[in-house]
Enquirer: 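Next up is a structure, given as structure tokens.
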Amino acid sequence: MTSRTTGRALRLLSRLPVDGYVLALLGTVVLAALLPASGTAATVVEGASTGAVALLFFLYGARLSTREALDGLRHWRLHLTVLGSTFLLFPLLGLAARGLVPAVLTPQLYAGLLFLCLVPSTIQSSIAFTSIARGNVPAAICAGSFSSLAGIVLTPLLAALLLGGGAGGLSADGILRIVLQLLVPFLAGQFLRRWVGGFLVRHKKVLGRVDRGSILLVVYTAFSQGMVAGIWHLVTPARLGLLLAVEAVLLAVMLAATWYGAGRLGFDRADRIAIQFAGSKKSLAAGLPMASVLFGAQASLAVLPLMLFHQMQLMVCAVIAKRRAHEGEPTASETRAHGGEPAASEAPAHDNEPPVPEPRAHPRPAERVP
């Protein structure tokens, strides 16, 4: 009986979407713990990391379709709902978690948890899970794009206001660093999009590796600085377990609030699915480079909650998306009315997740977003 139970548990674990890129991130953390950059090497790595962050935000700007974002304005109620969930409800829950310090969370882990609540939503995973669940895919694309665009400005401002000195404060130097490393490259990418857009589409796989490699470099730099500063003695296995429990509650509250809240606001089922998946997620790809700019040498502990939450949201939302798909399974007459079974295609791979099938009932706009 025990062996049978163990077998079922292993089969269940094998079906969970353990993100390979998250494993690469964890490997980078281990590398930084064993071989942290110090002295001249640290200076070189930090300079390379600064350049990598600027490159990332240039690519984000060059990939973001302004036309698609403007086209999506007609569904403004849905987008305002997602933005309110991402930049209002999430931060309020993060502030409420302040009562868990120091009994449950250390001040450093709480700062990372609050920063997690300020990060914009994802694009790729919102599209992927909305597609699986037979939701409004175009709305998920636009909602993710709006959130990413708003996060360029709102995340640093909210972090400076709510985290104070831990995120660089509101000093002129901190604001200048944010503008130069995040906003200027992003705007340059938007300005040059008409000339470089075709190149990015043709070389999207190679540039995807550049994205991921840049983020790995940012993580290595942050955790190397943490090792050199000796801050890892502040984190114990028990504290990590408590952090995971807090994040599980946070994710559960957001999933419930976005689903039932959207229902109370009068959205139909397809829109509720898009709101739930776009409004309950946080972007690892956007959050990691932002943390490196905002937190500096303290970035290692600041990004730890985000890395854990990212994998948790993938695993939980994969299960929910499959359940929603079965709940919304079309009848035989509906299938014939739509011309047969939905076809499978790939969602844009920006947030380092595997491609998923996209139903034909919600066609994707001609131009992809990151």
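Note that the structure is a prediction, hence the values are computed from the model and not measured.
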Enquirer: Nearest 0.5 Å, please: how far is CZ in Phe186 from OG in Ser148?
Expert: 8.0 Å

Enquirer: Donor-acceptor pair, distance only, cut-off 3.5 Å: does the side chain of Thr106 make one with the backbone of Pro102?
Expert: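 Side chain of Thr106 to backbone of Pro102: no pair is present.
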
Enquirer: Test Leu240 against Thr236 for side chain to side chain contact (heavy atoms under 4.5 Å, CB included), laying out the working first.
Expert: CA-CA 6 Å; Leu240 286 179; Thr236 64; over 6 Å; no

Enquirer: Checking the side chain of Thr130 only, and the main-chain atoms of Ile127 only, is there a donor and an acceptor separated by less than 3.5 Å?
Expert: no

Enquirer: Which heavy atom of Ala262 sits nearest a heavy atom of Arg272, and at what distance?
Expert: CB-CG, 3.8 Å

Enquirer: Applying side-chain contact (heavy atoms from CB on, under 4.5 Å), can you list everything that pairs with Val30, at least two apart in sequence or on another chain?
Expert: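 Per chain and number, Val30 pairs via side-chain contact (heavy atoms from CB on, under 4.5 Å) with Leu34.
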
Enquirer: How close do Ala139 and His75 get, heavy atom to heavy atom, and via which atoms?
Expert: CB-CD2, 4.3 Å

Enquirer: Please name all residues satisfying ring-ring contact (aromatic ring centres under 6.0 Å, His included) with Phe191, sequence neighbours left out, ordered by chain then number.
Expert: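 Phe191: ring-ring contact (aromatic ring centres under 6.0 Å, His included) contacts with Trp195.
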
Enquirer: Would you check if Met254 and Leu93 make a side-chain contact, meaning some heavy-atom pair closer than 4.5 Å?
Expert: yes

Enquirer: Looking at every non-hydrogen atom in both residues, tell me the closest pair between Phe87 and Ala150 and how far apart they are.
Expert: CE1-CB, 4.0 Å

Enquirer: At what distance, to the nearest 0.5 angstrom, does OG1 of Thr122 lie from CZ of Phe129?
Expert: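 Rounded to the nearest 0.5 Å, the OG1-CZ separation comes to 8.5 Å.
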
Enquirer: Under the side chain to side chain contact (heavy atoms under 4.5 Å, CB included) criterion, do Met307 and Leu288 qualify, and how do the steps go?
Expert: CA-CA 9 Å; Met307 291 173 62; Leu288 288 178; 4.3 Å; yes

Enquirer: For Val104, is there any backbone N or O sitting under 3.5 Å from a side-chain donor or acceptor partner on Arg239?
Expert: yes

Enquirer: Less than 6.0 angstrom from the centroid, inside 45 degrees of the normal: does Lys282 satisfy that with respect to the ring of Phe90?
Expert: yes

Enquirer: Between Leu284 and Gln311, is there a side-chain heavy-atom distance shorter than 4.5 Å?
Expert: no

Enquirer: Report yes if the side chains of Leu154 and Thr86 come closer than 4.5 Å at any heavy-atom pair, otherwise no.
Expert: no

Enquirer: Could you tell me whether the side chain of Thr155 and the main chain of Leu118 form a donor-acceptor pair under 3.5 Å?
Expert: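 Here the side-chain-to-backbone pair exists.
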
Enquirer: May I ask you to test the Cys142-His79 pair for a side-chain heavy-atom distance under 4.5 Å?
Expert: yes

Enquirer: Nearest 0.5 Å, please: how far is CG in Leu83 from CG in Leu149?
Expert: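 It comes to 9.5 Å.
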
Enquirer: Is Val249 linked to Val101 within one hydrophobic cluster, defined over Ile, Leu, Val, Met, Phe, Trp and Tyr using a side-chain heavy-atom separation of less than 4.5 Å?
Expert: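 They do share one cluster, since a chain of ILVMFWY contacts under 4.5 Å joins Val249 to Val101.
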
Enquirer: If we ignore hydrogens and angles and just use 3.5 Å, is the side chain of Ser147 paired with the main-chain N or O of Gly144 as donor and acceptor?
Expert: no

Enquirer: Would a single hydrophobic cluster contain both Ile320 and Val82, if residues Ile, Leu, Val, Met, Phe, Trp and Tyr are joined by side-chain heavy-atom contacts under 4.5 Å?
Expert: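 Not linked; separate clusters.
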
Enquirer: Is there a side-chain contact between Ser38 and Ser224 in this structure, where contact means two heavy atoms from C-beta onward sitting under 4.5 Å apart?
Expert: no

Enquirer: Which heavy atom in Arg269 sits nearest to a heavy atom in Glu327, and how many Å separate them?
Expert: NH2-CB, 3.9 Å

Enquirer: Taking the side chain as C-beta and beyond, is there a heavy-atom pair between Glu247 and Leu116 under 4.5 Å?
Expert: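 Glu247 vs Leu116: side chains touch.
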
Enquirer: Do any side-chain atoms of residues 42-58 form donor-acceptor pairs under 3.5 angstrom with protein atoms, and if so which ones, sequence neighbours left out?
Expert:
{"from": "Thr43", "atom 1": "OG1", "to": "Gly39", "atom 2": "O", "distance (Å)": "3.4"}
{"from": "Thr50", "atom 1": "OG1", "to": "Glu46", "atom 2": "O", "distance (Å)": "3.0"}

Enquirer: If every non-hydrogen atom of Leu31 is compared with every non-hydrogen atom of Tyr220, which pair is closest and at what distance?
Expert: CG-CE1, 4.0 Å

Enquirer: Would you find a donor on one side and an acceptor on the other, under 3.5 Å apart, between the side chain of His310 and the backbone of Leu306?
Expert: no

Enquirer: Quick one: does Ser121's side chain have a donor or acceptor within less than 3.5 Å of a partner on Ala278's backbone?
Expert: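 Checking the backbone N and O of Ala278 against the side chain of Ser121, a donor-acceptor pair under 3.5 Å is found.
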
Enquirer: Under 4.5 Å between side-chain heavy atoms, hopping through other hydrophobics if needed: is there a path connecting Val210 to Val196?
Expert: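 Yes, Val210 and Val196 fall within the same hydrophobic cluster.
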
Enquirer: How far apart are the closest heavy atoms of Ala291 and Val303, and which atoms are they?
Expert: CB-CG1, 3.3 Å

Enquirer: Applying side-chain contact (heavy atoms from CB on, under 4.5 Å), can you list everything that pairs with Leu265, at least two apart in sequence or on another chain?
Expert: Arg77, Thr81, Phe267

Enquirer: Calculate, to the nearest 0.5 Å, the distance between atoms CZ and OG belonging to Phe277 and Ser131 respectively.
Expert: 10.5 Å

Enquirer: Any chance you could lay out the side chain to side chain contact (heavy atoms under 4.5 Å, CB included) test for Leu113 and Leu250, step after step, and finish with the verdict?
Expert: CA-CA 10 Å; Leu113 180 71; Leu250 175 64; 4.3 Å; yes

Enquirer: Which one of Leu100, Leu109, Leu251 satisfies the side chain to side chain contact (heavy atoms under 4.5 Å, CB included) criterion with Val246?
Expert: Leu100

Enquirer: Is there a donor-acceptor contact under 3.5 Å from the side chain of Ser85 to the main chain of Gly279?
Expert: yes

Enquirer: According to a 4.5 Å side-chain heavy-atom criterion applied to Ile, Leu, Val, Met, Phe, Trp and Tyr, with indirect links allowed, do Leu244 and Val316 form part of one hydrophobic cluster?
Expert: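 Leu244 clusters together with Val316.
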
Enquirer: According to side-chain contact (heavy atoms from CB on, under 4.5 Å), who are the partners of Leu80, at least two apart in sequence or on a separate chain?
Expert: Trp76

Enquirer: Say you draw a straight line from CG of Leu158 to CG of Leu163; how long is it, rounded to the nearest 0.5 Å?
Expert: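 Reported value, rounded in 0.5 Å steps: 9.5 Å.
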
Enquirer: May I ask you to test the Lys281-Cys317 pair for a side-chain heavy-atom distance under 4.5 Å?
Expert: yes

Enquirer: Would a hydrophobic clustering, with Ile, Leu, Val, Met, Phe, Trp and Tyr connected at side-chain separations under 4.5 Å, put Val119 with Ile275?
Expert: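 Different hydrophobic clusters.
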
Enquirer: Would you call Arg324 and Gln276 a side-chain contact if the rule is heavy atoms closer than 4.5 Å?
Expert: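 Sidechains of Gln276 and Arg324: in contact.
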
Enquirer: Can you pull the ring pair (Phe, Tyr, Trp, His ring centres under 6.0 Å) pairs that have at least one residue in residues 246-266, sequence neighbours excluded?
Expert: none

Enquirer: What distance do Cys117 atom SG and Leu89 atom CG have between them, rounded to the nearest 0.5 Å?
Expert: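 Going from the SG atom of Cys117 to the CG atom of Leu89 covers 9.5 Å.
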
